[in-house]
Amino acid sequence: MHLFLKNILFEDKYLIIFNKPYGIAVHGGSGINYGVIEIFRKIRQELKFLELVHRIDKETSGILMLAKKRSILKKMHENLRNKLIYKEYLALLHGRWSEKNTTVNLPLLKKKNDHQKKKVCVHKNGKPSTTCFKIFQYFHNTTLMSVIPITGRTHQIRVHAAQFGHPVVFDQKYGNIKKEKKIIHKKNGRLLLHAYKIFFYHPLSNKKIFITAKLDEQFKKLLKIFSKKNIFNNF
């Protein structure tokens with residue numbers, strides 16, 4: 001509970017902006033008893049209304065927004081649809097990303113596999129999806145990227161990166177699990193994807209809001225390892 005309050009980056013009468021730790025779902029369901037929204041409702045019982053403005057993956061860390069009023073939630077959803085909310089992620093990808101591939105436009109479709117688990121794939125019948133990738137720094141056989149999702153599809157960044165042969169490091173759904181298995185066990189790997197920045201105009205005051213979320217210690221530790229050692233040689 002203390003961690004949740006400590007990780008609040010911004011709060012007023014209308015919004016909470018939170019630096020979500022990796023490994024915690026944003027809401028309960030599908031075998032998960034509780035998530036961020038359920039925890040916040042418990043520790044902030046004085047709030048009559050509290051809903052997620054958007055979602056990020058359980059495995060992804062970083063900025064998550066919650067609305068304290070229905071009118072604010074509606075306005076924020078409208079701003080998301082109209083692409084008036086700027087979101088930026090940091091991701092460590094396998095391989096050396098080519099500067100030619102900066103914008104990915106590939107339609108994405110949700111499907112269920114043989115085990116009835118949801119997975120997203122590139123498909124001509126999918127929803128239009130656009131992601132912008134910008135090189136931040138090259139490491140050994142990996143590239144640290146600034147990633148801006150223009151659309152907000154499920155697993156969009158992860159699928160678009162993997163489709164170009166550069167999956168997010170430690171992505172157990174869209175990466176190469178067999179290649180990473182030993183490293184994950186040794187380094188206690190986590191998906192190296194973090195919702196890093198957000199910029200928007202406050203839905204009531206129209207004031208500029210610019211928030212950054214610090215990387216957690218494990219993410220920073222893993223980045224140091226990748227910058228010094230070629231642990232994914234011949235990936």
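Just the heavy atoms: all of them, side chains too, but no hydrogens, waters or symmetry mates, feed the values below.
Cation-pi geometry between R190 and F219 is not satisfied (NZ or CZ under 6.0 Å from the ring centre, within 45° of the ring normal).
Contact check for Y34 versus I39: side-chain heavy atoms found under the 4.5 Å cut-off. At a threshold of 4.5 Å between non-hydrogen side-chain atoms, the residues L64 and H54 count as touching. Residues Y201 and K207 form no side-chain contact, since every pair of their non-hydrogen atoms from C-beta on lies 4.5 Å or further apart. A 4.5 Å side-chain heavy-atom check between I16 and R44 finds at least one atom pair inside the cut-off. Considering only heavy atoms from C-beta on, V147 stays 4.5 Å or farther from E88 through its side chain. Put simply, the side chain of V26 does not reach to within 4.5 Å of the side chain of I37, judged on heavy atoms. Side-chain contact check for N7 versus L5: every heavy-atom pair is 4.5 Å or farther apart.
Without hydrogens or angle criteria, H123 side chain to L109 main chain gives no donor-acceptor distance under 3.5 Å. Between the side chain of Y138 and the main chain of W97, a donor-acceptor pair closer than 3.5 Å is present. At distances below 3.5 Å, at least one donor-acceptor pair connects side-chain atoms of N82 with backbone N or O atoms of E78. Between the K83 side chain and the T151 main chain, no donor and acceptor come within less than 3.5 Å of each other. Side-chain atoms of N19 come within 3.5 Å of backbone atoms of K214 as a donor-acceptor pair (strictly under, hydrogens ignored). Counting only distance, with no hydrogens or angles, the side chain of D57 and the backbone of E59 share no donor-acceptor pair below 3.5 Å.
Put simply, OG on S205 and CG on D12 are 7.5 Å apart, with the number rounded to the nearest 0.5 Å. Here CG of L191 is found 12.5 Å from NZ of K58. Values are rounded to the nearest 0.5 Å. For the atom pair CG of L90 and OG of S146, the computed distance is 6.5 Å after rounding to the nearest 0.5 Å. Annotation: the span from L222 atom CG to L92 atom CG amounts to 9.0 Å, rounded to 0.5 Å. We find the CG-NZ distance between D171 and K173 to be 8.5 Å, quoted to the nearest 0.5 Å. Expressed to the nearest 0.5 Å, how far OG of S61 lies from OH of Y89 amounts to 10.0 Å.
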Item to complete: Check step by step if side-chain contact (heavy atoms from CB on, under 4.5 Å) holds for R158 and L193.
Response: CA-CA 9 Å; R158 297 164 66 181; L193 179 62; 4.0 Å; yes
Practice prompt. Could you walk me through whether L93 and T142 pass the side-chain contact (heavy atoms from CB on, under 4.5 Å) test, one step at a time?
Written response: CA-CA 5 Å; L93 307 185; T142 56; over 6 Å; no
Item to complete: Output, in order, the C-alpha distance, side-chain angles, deciding distance and verdict of side-chain contact (heavy atoms from CB on, under 4.5 Å) for F139 and Q137.
Response: CA-CA 7 Å; F139 291 154; Q137 187 177 350; 3.2 Å; yes
Item to complete: Determine, step by step, whether Q218 and Y22 satisfy the side-chain contact (heavy atoms from CB on, under 4.5 Å) criterion, reporting the C-alpha distance in whole Å, the side-chain angles of both residues, the deciding distance to 0.1 Å, and the verdict.
Response: CA-CA 10 Å; Q218 187 173 3; Y22 75 94; 2.3 Å; yes
Discussion item. For H27 and R55: C-alpha separation, side-chain torsions, deciding distance, then whether side chain to side chain donor-acceptor pair (under 3.5 Å) applies.
Written reply: CA-CA 9 Å; H27 61 81; R55 302 178 183 185; 3.3 Å; yes
Discussion item. I'd like to know whether Y174 forms a ring-ring contact (aromatic ring centres under 6.0 Å, His included) with H155, so could you lay out the CA-CA distance, the side-chain angles of the two residues, the decisive distance to 0.1 Å, and finally the verdict.
Written reply: CA-CA 9 Å; Y174 301 102; H155 298 171; 5.4 Å; yes
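Counting heavy-atom neighbours within 6.0 Å of F40 CZ, excluding the residue itself, gives a total above 12.
No path of Ile, Leu, Val, Met, Phe, Trp and Tyr side chains, each step under 4.5 Å between heavy atoms, connects F210 with L84, placing them in separate hydrophobic clusters. In the hydrophobic clustering of ILVMFWY residues, with side-chain heavy atoms under 4.5 Å counting as a link, I56 and L52 come out together. Y196 and Y86 are assigned to two separate hydrophobic clusters, defined by single-linkage of ILVMFWY side chains at heavy-atom distances under 4.5 Å. Grouping the Ile, Leu, Val, Met, Phe, Trp and Tyr side chains by contacts below 4.5 angstrom, directly or via other members, places L215 with F226.
Looking at every heavy atom in both residues, H194 comes nearest to G62 through CE1-CA, 3.5 Å. Closest of all the heavy-atom pairs between K111 and C121 is CD-SG, 3.2 Å. Nearest heavy-atom pair, A195 versus A213, reported as atom, atom and distance to 0.1 Å: O-CB, 3.9 Å.
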For residues 129-136, please give each side-chain donor-acceptor pair under 3.5 Å, one per line with the distance, not counting sequence neighbours.
residue: S129; atom: OG; partner: K127; partner atom: O; Å: 2.9
residue: T130; atom: OG1; partner: N105; partner atom: OD1; Å: 2.6
residue: T131; atom: OG1; partner: Q156; partner atom: NE2; Å: 2.8
residue: T131; atom: OG1; partner: H160; partner atom: ND1; Å: 2.7

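Between E38 and R41 there is no salt bridge, since no side-chain N of the basic residue sits under 4.0 Å from a carboxylate O of the acidic one. The existence of a salt bridge linking K220 and E217 is confirmed by a sub-4.0 Å separation between a basic side-chain nitrogen and an acidic carboxylate oxygen.
Side-chain contacts under 4.5 Å among hydrophobic residues (ILVMFWY), followed directly or transitively, place F10 together with L9, Y14, L15, I17, F49, V53, I63, M65, I72, L73, M76, L80, I85, I198, F200, L204, I209, I211.
Among pairs with a residue in residues 64-74, those fulfilling salt bridge (charged side-chain N to carboxylate O under 4.0 Å, His left out) read E11-K68, at least two apart in sequence or across chains.
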